[in-house]
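Here is the structure we will look at.
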Amino acid sequence: VLNATRHSRKLRRGALSGNVFRVVIRDLDGEPAELAVRFQHIAATGVPNYFGEQRFGREAGNLERAEAMLRGALKVRDRHQRGLYLSAARSALFNAVLARRVVEGTWNQPLPGEVLMLDGSHSSFVVDEVDETLRQRVAAFDLHPTGPLWGAGELRSGGPVRELEEEVAATLPIFRDGLMAAGLDQERRALRLVVRDARLEFSEPRVAVVAFKLPAGAYATTVLRELI
């Protein structure tokens, strides 16, 4: 902390620009050269912006409790706990949509009906048709395709993007319907995570040190998942 002064507003959770990580990975059994190539690729292209496994609680227990709560089999009176379970359900739906687009190879490509988000902000807009200018802006990390953070109301996406999102959500009807009934607003989250200031070094055999910066709401475990 370089400086501290009083301020008139409370510092709330999530009020940060990002996090800087330095992670030591031990007992590697792969080739250092291969790891270096993978890390360079991640730094150049980004990674799928999954919610990390810690979002879902120990052994995904928050997801189990979320399903029980939304089925009416579990009464949760604590507001904080209820929020955790709803967030877990919402994150699971988002991850499922993202996983489908990873399989289809479109997680980092704009599609007709896409909701595109400006890098470094939550500002977004819908595109009916995709032209070369939009493709270039996505390739340059200026814009990112997004997926749904499910809630009440209509999806903002259209065309094939909306069809895909509705199809995936239909495989998790308890979460989809429960989140709508809970009154959460429909929101969007970028499908792609940009890994900035990425550095990799090998301090000794079978030990790698990776460092990088991520925006608020992103998970270092997501980056490590793609790396190793």
Side-chain angles (χ1 to χ4, degrees), residues 1-58 60 62 80 83-84 87-88 90-92 94-95 97-99 101-102 107-108 116-124 137-147 149 187-228:
V1 178
L2 302 180
N3 187 42
T5 58
R6 290 190 176 275
H7 197 278
S8 60
R9 288 188 293 179
K10 177 188 286 189
L11 184 63
R12 300 190 180 278
R13 184 176 58 191
L16 72 161
S17 62
N19 291 294
V20 176
F21 298 90
R22 182 178 180 275
V23 183
V24 179
I25 308 171
R26 304 183 191 279
D27 299 327
L28 286 168
D29 58 8
E31 291 295 326
E34 181 183 352
L35 192 73
V37 169
R38 293 171 70 91
F39 194 69
Q40 291 170 4
H41 180 73
I42 285 171
T45 64
V47 298
N49 192 21
Y50 289 112
F51 285 98
E53 62 184 35
Q54 63 267 47
R55 182 77 167 196
F56 306 110
R58 187 183 299 275
N62 285 355
H80 175 68
L84 284 178
S87 292
R90 209 179 196 195
S91 301
F94 174 88
N95 279 4
V97 170
L98 175 53
R101 291 194 58 168
V102 167
W107 65 277
N108 56 0
L116 291 173
M117 182 173 290
L118 289 166
D119 184 61
S121 79
H122 294 290
S123 299
S124 58
R137 291 183 68 185
V138 170
F141 293 153
D142 182 40
L143 296 171
H144 305 290
T146 66
L149 295 174
E187 297 178 308
R188 307 294 295 188
R189 172 182 170 92
L191 294 178
R192 180 173 58 183
L193 173 59
V194 181
V195 183
R196 304 191 187 279
D197 299 337
R199 301 186 305 279
L200 168 67
E201 62 184 47
F202 296 93
S203 59
E204 57 186 270
R206 300 184 67 199
V207 177
V209 180
V210 294
F212 48 85
K213 182 178 180 180
L214 301 180
Y219 291 77
T221 49
T222 293
V223 179
L224 294 178
R225 175 185 184 272
E226 300 302 318
L227 180 63
I228 56 175

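FYI, side chains are in, hydrogens and waters are out, and symmetry mates aren't considered; it's all heavy atoms of this structure.
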Check: Partners of Arg101 by side chain to side chain donor-acceptor pair (under 3.5 Å), sequence neighbours excluded?
Finding: Thr106, Glu114
Next item on the list: Just jot down the side chain to side chain donor-acceptor pair (under 3.5 Å) partners of Arg192, sequence neighbours excluded, or say none.
Entry: His144
Note to self: Which heavy atom of Pro145 sits nearest to which heavy atom of Val138, and what is that distance?
What the structure shows: CD-CG1, 4.2 Å
Next item on the list: Heavy atoms only: give me the nearest Ser123-Ser121 pair and the separation to one decimal.
Entry: N-OG, 3.2 Å
Taking only residues two or more places apart in sequence, or in another chain, which ones meet [X] in a side chain to side chain contact (heavy atoms under 4.5 Å, CB included)?
X: His7; answer: Arg9
X: Ser17; answer: none
X: Ala43; answer: Ala198

Next item on the list: List for me each residue that meets salt bridge (Lys or Arg N to Asp or Glu O under 4.0 Å) alongside Glu53, sequence neighbours excluded, and say none if there are none.
Entry: none
Item checked: Backbone N/O of Gly147 and side chain of Arg189: donor-acceptor pair under 3.5 Å -> no
Margin query: Side chains of Asn108 and Leu191, heavy atoms from C-beta outward: is any pair under 4.5 Å?
Written below: no
Check: Do Leu35 and Gln40 come close enough that some side-chain heavy atom pair is under 4.5 Å?
Finding: no
Next item on the list: Would you mind listing every salt bridge (charged side-chain N to carboxylate O under 4.0 Å, His left out) that reaches into residues 193-204, with sequence neighbours excluded?
Entry: Asp119-Arg196
Donor-acceptor contacts under 3.5 Å from residues 20-31 side chains, at least two apart:
none

Check: Considering residues at least two apart in sequence or located in another chain, which fulfil the ring pair (Phe, Tyr, Trp, His ring centres under 6.0 Å) criterion with Phe56?
Finding: none
With a cut-off of 3.5 Å and sequence neighbours excluded, list every side-chain donor-acceptor pair involving residues 207-228.
from	atom 1	to	atom 2	distance (Å)
Tyr219	OH	Arg55	NH1	3.3
Thr221	OG1	Gln54	OE1	3.1
Thr222	OG1	Tyr50	O	2.8

Note to self: Just verifying a value: how many Å separate Ser91 OG and Leu149 CG, rounded to the nearest 0.5 Å?
What the structure shows: 7.0 Å
Margin query: Would you compute the distance between atom NE2 of His80 and atom CG of Leu84 and round it to the nearest 0.5 angstrom?
Written below: 4.0 Å
Notebook entry, point to check: Got a sec, which pairs hit ring-ring contact (aromatic ring centres under 6.0 Å, His included) with one end in residues 188-207, sequence neighbours left out?
Noted result: none
